[in-house]
Amino acid sequence: MRTMGLDVGSKTVGVAVSDPLGWTAQGVEIIPINEAKEVFGLERLGELIQEYQVNKIVIGLPKNMNNTEGPRAEASRHYGELVTEQFDIMVDFQDERLTTVQAERMLIERADVSRNKRKKVIDKLAAVLILQNYLDRQ
């Protein structure tokens, strides 16, 4: 069984999964969503949960720098509730402060990826960082 990491935004959900032993995180894909229209990509998420035999989901929790939770953290918690209701799967949250910044820096400094290409992969890389941080603290 594997753990899945999610970076939930208002327009996309970055998805990563662990290896079967739970040591490393790999990026899978970016699921398009539309939070404003309450389209959450749960059908595709369910397909991925089944394909990778996921038994736990970790959702990034975008806390403020002073450790408080704002509207984005509330939206992530709401997404977690939807996932729990839909799939009856354990959901945990991982502080994700600065993971998107870290992901963008990695893409610029290490891979020299153009701004246009970064937009296409940043959420998936952020999901990898969220999941890897979670796996490392287990």
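Start at 1 with the first residue, then count along the sequence.
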With salt bridge (Lys or Arg N to Asp or Glu O under 4.0 Å) as the criterion, how do R44 and E29 come out once you've worked through the C-alpha distance, each side chain's angles and the decisive distance to 0.1 Å? CA-CA 10 Å; R44 179 63 184 144; E29 70 179 66; 2.7 Å; yes

Taking every non-hydrogen atom, the tightest pair across V28 and L48: CG1-CD2, 4.0 Å

Tell me, do T68 and K63 make a side-chain contact under 4.5 Å, heavy atoms counted? no

Do other residues, nucleotides or ligands put more than 12 heavy atoms under 6.0 Å from the CD atom of Q53? no

Could you go through L61 and E69, starting from their C-alpha distance and side-chain angles, then the distance that decides it, and tell me whether this counts as side chain to side chain contact (heavy atoms under 4.5 Å, CB included)? CA-CA 8 Å; L61 193 62; E69 294 185 14; 3.5 Å; yes

Starting from V58, can I reach I49 by hopping between I/L/V/M/F/W/Y residues whose side chains sit under 4.5 Å apart? no

Looking at every heavy atom in both I130 and L6, which two are closest together, and how far apart are they? CD1-O, 3.9 Å

Answer yes when E74 and R77 have at least one side-chain N-carboxylate O distance shorter than 4.0 Å, and no when they do not. no

State plainly whether one hydrophobic cluster holds both L82 and L45, where clusters connect Ile, Leu, Val, Met, Phe, Trp and Tyr through side-chain heavy atoms under 4.5 angstrom apart. yes

For Q132 and T24, run side chain to side chain contact (heavy atoms under 4.5 Å, CB included): C-alpha distance rounded to whole Å, both residues' side-chain angles, the deciding distance at 0.1 Å, then the answer. CA-CA 6 Å; Q132 191 63 58; T24 61; 4.1 Å; yes

Could you tell me whether the side chain of P20 reaches within less than 4.5 Å of the side chain of M1, counting heavy atoms only? no

Taking every non-hydrogen atom, the tightest pair across Y134 and D92: OH-OD2, 3.0 Å

Taking C-beta and beyond as the side chain, do N55 and M90 meet within less than 4.5 Å on heavy atoms? no

Considering non-hydrogen atoms only, spot the tightest contact between L42 and F87 and give its length. O-CZ, 3.2 Å

Pairwise side-chain contact, I30 with V13, heavy-atom cut-off 4.5 Å (strictly under): no

T12 side, atom OG1; N34 side, atom CG - distance, nearest 0.5 Å: 11.5 Å

Enter the distance from I31:CD1 to E43:CD here, rounded to the nearest 0.5 Å. 10.5 Å

No-hydrogen, no-angle side-chain donor-acceptor test under 3.5 Å, T84 and Q86: no

Can you tell me if CD on Q138 sees more than 12 non-hydrogen neighbours from other groups inside 6.0 Å? yes

Which heavy atom of I33 sits nearest a heavy atom of G41, and at what distance? CG2-N, 3.8 Å

Heavy atoms of S18 and L135 approach each other most closely as CB-CD1, 3.9 Å

Co-membership, hydrophobic cluster, residues I59 and F40, 4.5 Å side-chain: yes

Given side chains that start at C-beta, do those of V54 and I89 come closer than 4.5 Å, heavy atoms only? yes

From CA spacing to verdict: side chain to side chain contact (heavy atoms under 4.5 Å, CB included), M4, V15: CA-CA 7 Å; M4 178 177 279; V15 182; 4.0 Å; yes

Note: E35-R72 ion pair, threshold 4.0 Å (strictly below): yes

More than 12 heavy atoms of other residues, nucleotides or ligands under 6.0 Å from CG of D88: yes or no? no

Within the 4.5 Å heavy-atom criterion, are R137 and Q94 side-chain neighbours or not? yes

Steps toward side chain to side chain contact (heavy atoms under 4.5 Å, CB included) verdict (T3, V17): CA-CA 6 Å; T3 302; V17 295; over 6 Å; no

In this structure, CG of L131 is separated from NZ of K56 (nearest 0.5 Å) by 10.0 Å

